[in-house]
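Read through the structure below, which is laid out as structure tokens, and then see the notes.
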There are 2 protein chains.
Amino acid sequence: MVPDHDGAFAPTTEDAPSSSGFLDDGKNTIGSQLASRLREAIISGELQAGSKINLDKARKTFNVSLSPLREGLARLISDGLVEFEDNRGYRVSSISLANLEEITTLREEFEVFALRESMRLGDVEWEGNVMRALHRLNRTERDAARPETLERWEELHREFHLTLISGCGKPILLHFCRLLLNLNDRYRRAFLTRTSGDRNVSQEHSEIAQGAVARDLDYACDMLRQHIHRTGTNLRKHLATKGIL
Amino acid sequence: MVPDHDGAFAPTTEDAPSSSGFLDDGKNTIGSQLASRLREAIISGELQAGSKINLDKARKTFNVSLSPLREGLARLISDGLVEFEDNRGYRVSSISLANLEEITTLREEFEVFALRESMRLGDVEWEGNVMRALHRLNRTERDAARPETLERWEELHREFHLTLISGCGKPILLHFCRLLLNLNDRYRRAFLTRTSGDRNVSQEHSEIAQGAVARDLDYACDMLRQHIHRTGTNLRKHLATKGIL
DNA sequence: ACTATCCAAATAATCGATTATTTGTCAAGG
DNA sequence: CCTTGACAAATAATCGATTATTTGGATAGT
């Protein structure tokens, strides 16, 4: 038997385009479904940061047994959204200013590096994917009054950033970036209902994308770094407003 | 209740110095113990890369029930040593030339970045830890004839590299570096029984450490990068010898 | 009043058995 | 001869019950 040989950190089935019309959404087992629901619950803030997760209550809330619940939680640990301690159980990872700052710093390092590699190695297919992701994002309205538009926008925004770096040919790096994006999104969903007035985010995305497909390495990387940095600065302000250290 | 607030990716209890004389080695639950044993089994090559992990057999081998077995395996997924697919089970992550090259590249980027941050932010305590880790490593003999010395050396080597970057004040980054080191160690344990003749590894470590505590950023970073690079090159040759693509 | 110790309730971990899914094999049809 | 479908064996996922650990509170001793 020849192993598939995707290597470690091959992209998980999550958020695959799901091209087949069948109802196979890659979330077969209860454990998988739970992982998704819990992830969404944490990123959206439904499960408060830092709070303990009582297995018994969660079991009743989600109407499942312990085994798949632990299974699901275990996956969120890989995502950095949940922490675990022997005999003490699970808790939602805390948020803090230091944590946000680290995430921002690391995104500036990792994501920018991944973009550079993508520009160096990406093929035409990748270019096309970038332009499509950009278009879909910029065509999607973000109306603070309607939460469902926010969620949709977040999804496409995440997709855009991941697509940008998807050409780098480095599964482990992509995995790291995906984690950082997860962690970052929790802050954004919690604190940014609307983008600050002095930014034109659509334009920022366009500049990055256009620089990327034009293979203007330094320009695109610089734009991305600034983009990430600005988001970090914005979020930091919002955290300060709410008195979070 | 005030949350401990270590933030995501706070260092796990693994390989803590275990200062207390008590038999509490932080591996309380069967799941934890299994995770350690499995990790060791994978890194040492006892469990072949790419091979499927049959839950039933593993259950009998380790004489445990399914729940803790899954628990343990789940943790190794976070470590990148095990892959999982719904309804298809677990398998040991494959090794490949591409995978090794990515690990090496990422170590050059991120471990070096972490070292730079450590030099920028580390305190005297950190400096002391570095010198101690260096001393212990260099004083430990590595005799290819006696496997137990190799294991001991690997442990101290790992400890040295982690200590070098432990002052960076960035838990997530440390977590990533720890993973990369894990993945890298599997290659070394599998392919390097002795260091290639043209290297004086002890001296390389000394140069890095001394540059680090002297806060000679560029020098220390450069030495570390070369050190990682050389190891990568060596391993690549050994992989080629064994016909691994 | 303060600390330490012991109990009971709450919670996490584990087990053995059951259910669901996948995989390999073989026969029927093209 | 190849493909397709059905079946059976192998394997993974889940459940409900049991066991072990932690936590909070009451009690006794200083």
Side-chain angles (χ1 to χ4, degrees), chain A residues 1-4 6 12-14 20 22-39 47-48 50-78 82-93, chain B residues 1-4 6 12-14 20 22-39 47-48 50-78 82-93:
Chain A
M1 184 200 298
V2 179
D4 329 75
D6 279 341
T12 58
T13 45
E14 77 171 315
S20 80
F22 287 93
L23 43 90
D24 183 334
D25 53 350
K27 292 167 185 176
N28 296 310
T29 69
I30 300 182
S32 290
Q33 293 172 287
L34 264 182
S36 297
R37 292 174 63 185
L38 286 167
R39 185 183 291 111
L47 253 52
Q48 197 181 50
S51 67
K52 194 162 178 338
I53 298 172
N54 183 307
L55 292 176
D56 227 34
K57 286 176 190 161
R59 194 176 66 69
K60 284 162 188 159
T61 304
F62 292 101
N63 210 45
V64 294
S65 185
L66 251 19
S67 324
L69 182 56
R70 287 177 150 269
E71 196 84 31
L73 286 168
R75 303 203 197 170
L76 297 191
I77 293 175
S78 314
V82 164
E83 294 165 60
F84 172 83
E85 200 176 350
D86 270 356
N87 291 322
R88 300 268 207 96
Y90 304 83
R91 65 172 52 230
V92 181
S93 295
Chain B
M1 185 198 298
V2 178
D4 330 85
D6 279 340
T12 58
T13 44
E14 77 171 313
S20 82
F22 287 94
L23 42 92
D24 183 334
D25 53 352
K27 292 166 184 174
N28 295 309
T29 69
I30 299 182
S32 290
Q33 293 172 287
L34 264 182
S36 297
R37 291 174 64 184
L38 286 167
R39 185 182 292 111
L47 254 51
Q48 196 181 50
S51 67
K52 194 162 176 338
I53 298 173
N54 183 308
L55 292 177
D56 228 33
K57 286 175 190 161
R59 193 177 66 70
K60 284 160 188 159
T61 303
F62 292 101
N63 210 44
V64 294
S65 185
L66 252 18
S67 324
L69 182 56
R70 289 179 148 268
E71 196 84 28
L73 286 168
R75 302 203 197 169
L76 297 191
I77 293 175
S78 315
V82 164
E83 294 166 58
F84 172 83
E85 200 175 350
D86 271 356
N87 291 321
R88 300 267 208 97
Y90 304 82
R91 66 170 53 230
V92 181
S93 295

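These numbers come from the heavy atoms of this one structure, side chains and all, not from hydrogens, waters or symmetry mates. Labels below follow one simple rule: chain letters A, B, ... track the order of the sequence lines, proteins then strands, and each chain is numbered from 1. Values in this document were obtained by computation on a predicted structure and should not be read as measured data.
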Value in whole Å for how far the [atom2] atom of [N] lies from [atom1] of [X]:
X        : N       : atom1 : atom2 : result
Leu73(B) : dA12(D) : CG    : P     : 10 Å
Ile30(A) : dT14(D) : CD1   : P     : 5 Å
Glu71(A) : dT14(D) : CD    : P     : 7 Å
Lys60(A) : dC15(D) : NZ    : P     : 15 Å
Asp86(B) : dA12(D) : CG    : C1'   : 10 Å
Tyr90(A) : dT11(C) : OH    : C1'   : 13 Å
Asp56(B) : dA17(C) : CG    : P     : 13 Å
Lys57(A) : dA12(C) : NZ    : C1'   : 14 Å

Residue pair Asn54(B)/Gly31(A) against DNA chain D: nearer the 5' end by closest nucleotide is Asn54(B)
Closer to the 5' end of DNA chain D via nearest nucleotide, is it Leu66(B) or Arg59(A)?
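The residue closer to the strand's 5' end, by nearest nucleotide, is Leu66(B).
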For the side chain of [X], starting at C-beta, report the closest nucleotide among [options].
X        : options                   : value
Asn87(A) : dT21(D), dC15(C), dT22(C) : dT21(D)
Pro68(A) : dC15(D), dT14(C), dT11(C) : dC15(D)
Leu55(B) : dA12(D), dT23(C), dC15(D) : dA12(D)
Thr29(A) : dT21(D), dC15(C), dT14(D) : dT14(D)
Lys52(B) : dT11(D), dC15(D), dT23(D) : dT11(D)

Quick check: closest heavy atoms across Leu69(A) and Leu55(A), and the distance to 0.1 Å?
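Heavy atoms of Leu69(A) and Leu55(A) come nearest at CD2-O, 3.4 Å.
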Strictly distance-based, threshold 3.5 Å: is any side-chain N or O of Thr61(A) a donor or acceptor partner for the main-chain N or O of Lys57(A)?
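Side chain of Thr61(A) to backbone of Lys57(A): a pair is present.
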Mind checking if Ile53(B) touches a base, just sugar-phosphate, or nothing, with heavy atoms under 4.0 Å?
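Sugar-phosphate contact only.
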